[in-house]
Amino acid sequence: MAAQPIGRHFLQIPGPTNVPDEVLRAIAAPTIDHRGPEFARLTREVLDGLGPVFGTTNPVVVYASSGTGAWEAALVNTLSPGDRVLAFETGHFATLWRDMAEALGLRVDFVPGDWRRGVDPDTVAERLAADREHTVKAVCVVHNETSTGVTSRIPEIRNALDQAGHPALLLVDTISSLGSIDYRHDEWGVDVTVSCSQKGLMLPPGLGFNAVSDKALRARESARLPRSYWDWKPILEANRRGFFHSTPATNLLYGLREALRLLDTEGLPQVFARHRRHAEATRAAVRGWGLEVLCADEREHSAALTAVVVPEGHDAETIRELILDRFNTSLGAGLGRLAGTVFRIGHLGHFNDAALIGTLGGVQLGLRLAGVPVGEHGINAALDVLGRKETA
Ligand SMILES: *Cc1c(COP(=O)(O)O)cnc(C)c1O
């Protein structure tokens, strides 16, 4: 049995992420009456603060749920049994969303992918142009595929829908991008933006979100998939008075209010620039080690995490275990078909240069100790990026 580790744990998985002390302290307050006036003020502050983070002036529905729950909410509020939806095999999470849609009784056109690229806007355009009868009711896209470290280009995908003149709803999973990577629900014409608390928003798990367009709200009126807990309407009605229709996750909402304040203080453009810079430094380290970044398209590198391909003959799980054991640092495992062949470095949320240097130092040494032949230049290449004058 290893000795109790000393010092802070480095939680460098791409979610849940490190929770700032301010947020932890905010959560550690007495739970209040969720039907009283103080709660109504909390609801208004939180709902007002969420809008800018989603880039919307429309409602954001808040659930006591994981991100998976918020996926289900997006589907059951907008679609009917047997509806066709277009989805793309960008990785593990896109595949799980497909499975859920099928389990709910939807027919999914799942465009195959190699788990190294995002959604191809040209394919979206082709598929929708071919659907002259407009039988496809929704297009489901994972903005940042957390299993691969690939970010799909939502504005170009929106453009593809518009070019095809197709009325399908656009449903986007921003679970690992919101609050880390530039995102604009209104400007990009997204109908439902799905997200949750434990990634870029720097909270513990337990809150799910749906930002909804007017078109999505209209679709809800005729959507016939069974829904009860996930129904937007009773929640939005109660929200107007400052409440929720069932008991909300009060203490997580305290944390959310604080996390939104932190994001606002840093400023979203700076938050996004910080994530891009840490991602660039991480990729420089990976190249310096002589290893390969999984993402195969320069335009699609994720700013939130980097998936690293482990050379043949080595097991990513052994490397992760060694790094956890020696450096008290958690890295993300390879998910689904990537199990054992990649590990993922999360660089999102509450994070800074020193934490990245510590993480990459642990990875470099861990790779060496695991017998993976790596160039010693990796960490220095990352330092070179971090040492450049900040431009953002
Ligand atoms: C984490 C994640 C999910 C799943 O969220 P849960 O809170 O675990 O249900 C879905 N999609 C993406 C892109 C994710 O990163």
Side-chain angles (χ1 to χ4, degrees), residues 16-67 69-70 73 174-175 177-180 182-187 190 192-214 216-217 229-272 348-350:
T17 64
N18 296 288
V19 180
D21 292 348
E22 296 94 320
V23 172
L24 289 173
R25 280 194 295 270
I27 290 170
T31 305
I32 55 172
D33 174 9
H34 64 288
R35 307 204 192 278
E38 191 183 341
F39 191 89
R41 280 193 293 279
L42 172 66
T43 302
R44 295 210 171 91
E45 280 175 32
V46 160
L47 295 181
D48 287 351
L50 277 172
V53 175
F54 282 88
T56 187
T57 54
N58 257 41
V60 179
V61 183
V62 181
Y63 296 101
S65 80
S66 71
T174 65
I175 290 175
S177 55
L178 196 80
S180 302
D182 192 12
Y183 185 79
R184 307 167 190 212
H185 174 88
D186 289 354
E187 189 183 321
V190 178
V192 186
T193 297
V194 174
S195 204
C196 69
S197 53
Q198 76 271 20
K199 302 193 184 181
L201 291 183
M202 307 178 286
L203 291 161
L207 293 177
F209 305 103
N210 276 181
V212 294
S213 71
D214 292 337
L217 287 168
Y229 179 73
W230 304 113
D231 193 350
W232 292 333
K233 194 172 175 200
I235 302 172
L236 291 175
E237 277 174 2
N239 281 175
R240 269 183 228 119
R241 289 172 280 114
F243 303 114
F244 286 80
H245 79 312
S246 67
T247 312
T250 306
N251 291 55
L252 287 176
L253 295 176
Y254 296 155
L256 177 58
R257 174 166 59 187
E258 184 59 21
L260 292 170
R261 196 189 61 75
L262 292 173
L263 288 173
D264 184 57
T265 303
E266 186 177 357
L268 284 175
Q270 175 55 35
V271 170
F272 301 146
L348 74 165
H350 185 60

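The figures that follow rest on heavy atoms only: side chains count, while hydrogens, waters and symmetry mates do not.
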Report the residues that fulfil side-chain contact (heavy atoms from CB on, under 4.5 Å) with [X], sequence neighbours left out, ordered by chain and then residue number.
X      : result
Ser246 : Tyr229
Leu260 : Leu50, Val53, Leu256
Ile32  : Glu38, Phe39, Thr250, Tyr254
Ser65  : Tyr63, Trp230

Would you list the atom pairs, donor with acceptor, under 3.5 Å between side chains in residues 200-211 and any protein atom, with sequence neighbours excluded?
unit_1 : atom_1 : unit_2 : atom_2 : d
Asn210 : OD1    : Ala74  : N      : 3.3
Asn210 : OD1    : Trp232 : NE1    : 2.9
Asn210 : ND2    : Ala70  : O      : 3.1

Legend entry - Test item: Phe244 and Val62 side chains (from C-beta on) under 4.5 Å apart, heavy atoms: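 Side-chain contact under 4.5 Å: yes.
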Inset, instruction - Please examine the side chains of Leu262 and Thr265, heavy atoms only from C-beta on, and report whether any two atoms are closer than 4.5 Å. - result: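 When only atoms from C-beta onward are counted, Leu262 and Thr265 do not touch, as no gap falls below 4.5 Å.
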Inset, instruction - Drop me the distance from Ile175's CD1 to Gln198's CD, to the nearest 0.5 angstrom. - result: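 Here the rounded value is 7.5 Å.
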Inset, instruction - Look up atom CG in Leu236 and atom CG in Leu217, then write down how far apart they are to the nearest 0.5 Å. - result: 6.5 Å
Could you list the residues that satisfy side-chain hydrogen bond (donor to acceptor under 3.5 Å, both in side chains) with [X], not counting sequence neighbours?
X      : value
Glu258 : Arg261
Thr56  : Asp186
Ser66  : none
Arg35  : none

Inset, instruction - Say whether Asn58 and Ser213, considering side chains only, have a donor N or O and an acceptor N or O under 3.5 Å apart. - result: no
Legend entry - Short side-chain donor-acceptor distance under 3.5 Å, Ser195 and Tyr183: no
Legend entry - Set of residues satisfying salt bridge (charged side-chain N to carboxylate O under 4.0 Å, His left out) with respect to Asp21, sequence neighbours excluded: Arg8
Inset, instruction - With sequence neighbours excluded, tell me which residues meet salt bridge (charged side-chain N to carboxylate O under 4.0 Å, His left out) with Glu266. - result: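 Glu266 satisfies salt bridge (charged side-chain N to carboxylate O under 4.0 Å, His left out) with Arg274 once adjacent residues are dropped.
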Inset, instruction - Search all heavy atoms of Pro248 against all heavy atoms of Leu253 and return the closest pair with its distance. - result: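 Scanning both residues completely, I find the closest heavy atoms to be CB-CD1, 4.0 Å.
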Legend entry - Taking every non-hydrogen atom, the tightest pair across Val192 and Ala216: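 Answer, listing the atom of Val192 first, then Ala216: CG2-CB, 3.9 Å.
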Legend entry - Residue pairs involving residues 44-59 (criterion salt bridge (charged side-chain N to carboxylate O under 4.0 Å, His left out); sequence neighbours excluded):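 Salt bridge (charged side-chain N to carboxylate O under 4.0 Å, His left out) check on residues 44-59 returns Glu45-Arg257.
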Inset, instruction - Measure from the side-chain N and O atoms of Asn251 to the backbone N and O of Ala28, and report whether any donor-acceptor pair falls under 3.5 Å. - result: no
